[in-house]
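Inspection log for the structure reproduced underneath, given as structure tokens.
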There are 2 protein chains.
Amino acid sequence: MSTPGRGLHGHVLDTLGPEITAGEYPPGSVLRTDELAQRFDVSRSVMREAVRVLESMHLVESRRRVGVTVRPMSEWNVYDPQVIRWRLAGKDRARQLRSLTVLRSAIEPVAAGLAARHATSQQCAELTECALGMVANSRGHKLEEYLVHDMAFHRVILDASGNEMFARLGDVVAEVLAGRTHHDVMFEDPDPAAVTLHVQVAEAVRAGDAVRAEELTREITVGALQELDILAP
Amino acid sequence: MSTPGRGLHGHVLDTLGPEITAGEYPPGSVLRTDELAQRFDVSRSVMREAVRVLESMHLVESRRRVGVTVRPMSEWNVYDPQVIRWRLAGKDRARQLRSLTVLRSAIEPVAAGLAARHATSQQCAELTECALGMVANSRGHKLEEYLVHDMAFHRVILDASGNEMFARLGDVVAEVLAGRTHHDVMFEDPDPAAVTLHVQVAEAVRAGDAVRAEELTREITVGALQELDILAP
DNA sequence: GGAGACAAAAAGTCAGACTTATTCGTCACG
DNA sequence: CGTGACGAATAAGTCTGACTTTTTGTCTCC
């Protein structure tokens with residue numbers, strides 16, 4: 001995605017990471033560095049670097065005389081964008097998408113409220129532009145163009161909140177929106193009500209109306225949650 | 001903290017990580033693997049493993065013929081518990097604490113609402129126990145004992161929400177609460193109103209009253225935000 | 001002054017030997 | 001029988017040195 005297989009150790013991670021996050025090795029499973037190096041046909045140095053990265057994500061733990069043991073899912077660094085990507089590409093993408101959508105529903109309304117207070121005039125302009133782009137592509141099976149503007153819209157909101165923790169969720173939200181468009185729901189044109197809400201949020205932010213921006217965004221995320229409930233009650 | 005200097009590469013990270021997150025190397029600064037290996041008196045293999053970990057946190061980027069370049073703060077994986085710890089131990093701990101408290105104010109109310117729906121009877125019992133422990137230690141300069149129960153309380157709420165993304169913020173919230181007690185505010189006994197709110201949240205969760213649990217928790221987090229505003233308006 | 005070739009620099013890779021910590025089995029001792 | 005200590009096996013950890021690959025800056029040459 002962002003950094004595709006840069007170097008041999010990257011290629012190893014592209015295979016091993018998804019396998020682990022997909023749960024192919026039950027927690028407590030033991031892998032041996034040497035065997036992995038053989039399997040991927042790389043030197044032990046390269047394999048060790050890959051293991052170190054997995055370890056920094058808390059996916060595995062490396063202990064002397066034991067080997068590389070897989071940690072239970074509850075200990076994974078589930079906010080690591082790489083881990084999120086692996087899991088979204090794997091088996092439990094539905095569960096993952098639900099968790100992330102709930103996260104969105106908590107974060108984005110608050111972020112929109114802050115954005116109404118902190119957004120620069122340029123960010124307001126970008127927001128309006130994105131909302132207009134969504135309107136323009138809301139009919140006629142132009143889902144891809146719509147998605148681009150939708151992702152940009154939410155990224156601007158999160159950035160404009162002025163909170164770095166929120167801002168860093170831009171990639172995650174984009175991934176969720178993309179996943180929704182490309183796989184699960186959204187067979188036809190997007191919900192007109194949602195499009196309108198985005199336009200209204202842009203207006204509220206520009207007007208500096210924090211309460212209204214927060215409430216409108218809450219409606220958007222509630223809608224996203226309902227979409228999931230319809231799909232898998 | 002959790003995994004203190006495990007192995008040589010861990011020791012290198014314990015020094016280099018805080019240096020980078022403290023901003024001692026401006027974005028775009030170039031480090032050379034060989035020089036770093038010399039500086040820390042380790043072999044290049046060990047140094048490379050450390051660089052790989054820093055790279056997986058998006059703190060640096062390693063490119064051929066160029067070296068290891070430090071990335072701008074906006075690209076760091078700020079949700080990585082290790083990065084959070086490094087930053088909380090460093091220069092901008094105040095800024096970091098503020099960001100995290102805003103994050104809490106978005107997450108915890110929603111988590112409490114979900115907890116009211118999903119908490120098991122055992123989790124309800126734990127919650128009540130924590131709240132009672134907070135009451136018992138709310139007077140008489142027993143800040144440490146109070147803190148333990150406070151951290152446990154919020155961890156149970158986040159776990160009981162049933163959302164893994166929320167659950168994994170337990171460590172972060174604990175870190176924020178600990179930081180608040182040990183450094184910034186909290187010179188004397190905690191605010192009695194806050195203690196009462198925790199007890200009421202425990203009751204609301206046990207009663208399955210999601211709306212009330214959410215609203216009460218919102219009051220708690222608003223209080224935490226106000227504490228910061230009083231300290232640094 | 002632009003395009004292409006060349007050289008230097010730094011990360012990337014590999015192989016092999018050695019070190020160290022941990023675990024497990026065994027054996028002696030209570 | 002249990003128990004504790006000793007020792008051997010094992011797999012990660014470390015170091016070294018040689019080699020490869022990619023990128024970049026420069027220096028021609030047209």
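Here is how names work: the chains are called A, B, and so on, in the same order as the sequence lines, proteins then strands, and each is numbered from 1.
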Could you work out, with salt bridge (Lys or Arg N to Asp or Glu O under 4.0 Å) as the rule, every residue matching A/Glu126, not counting sequence neighbours? none
Whole-Å distance, B/Arg48 CZ to C/dC14 P, equals 10 Å
Along nucleotides 15-23 of chain D, 5' to 3', which nucleotides get a B, which get an S, and which get a -, given that the test is a protein heavy-atom distance under 4.0 Å? BBBB--BSB
Got a sec, which residues hit salt bridge (Lys or Arg N to Asp or Glu O under 4.0 Å) with B/Glu75, two or more places apart in sequence or on another chain? B/Arg71
In whole Å, what is the span from the CG atom of B/Asp34 to the C1' atom of C/dA9? 11 Å
Could you tell me the separation between the CD atom of B/Glu35 and the C1' atom of C/dA10, rounded to a whole number of Å? 11 Å
From CZ of A/Arg6 across to P of C/dA11 the rounded distance in Å is 13 Å
Rounded to the nearest Å, what distance is computed from the CE atom of residue A/Met47 to the P atom of nucleotide C/dG12? 17 Å
Residues which pass salt bridge (Lys or Arg N to Asp or Glu O under 4.0 Å) with B/Arg32, listed by chain and number, not counting sequence neighbours: B/Glu35
For B/Asp34, enumerate each residue passing the salt bridge (Lys or Arg N to Asp or Glu O under 4.0 Å) test, keeping only those at least two apart in sequence or located in another chain. none
For A/His11 and C/dT13, give me the distance from atom NE2 to atom C1', rounded to whole Å. 16 Å
Taken to the nearest whole Å, CG/A/Leu36 to P/D/dG13 is 13 Å
Distance check needed: C/dA10 C1' versus B/Leu31 CG, whole Å only. 13 Å
Return the set of residues passing side chain to side chain donor-acceptor pair (under 3.5 Å) with B/Tyr25 (not counting sequence neighbours), or none when no residue passes. B/Glu19, B/Arg39
Can you find a heavy atom in the side chain of A/His182 that is under 4.5 Å from one in the side chain of A/Leu147? yes
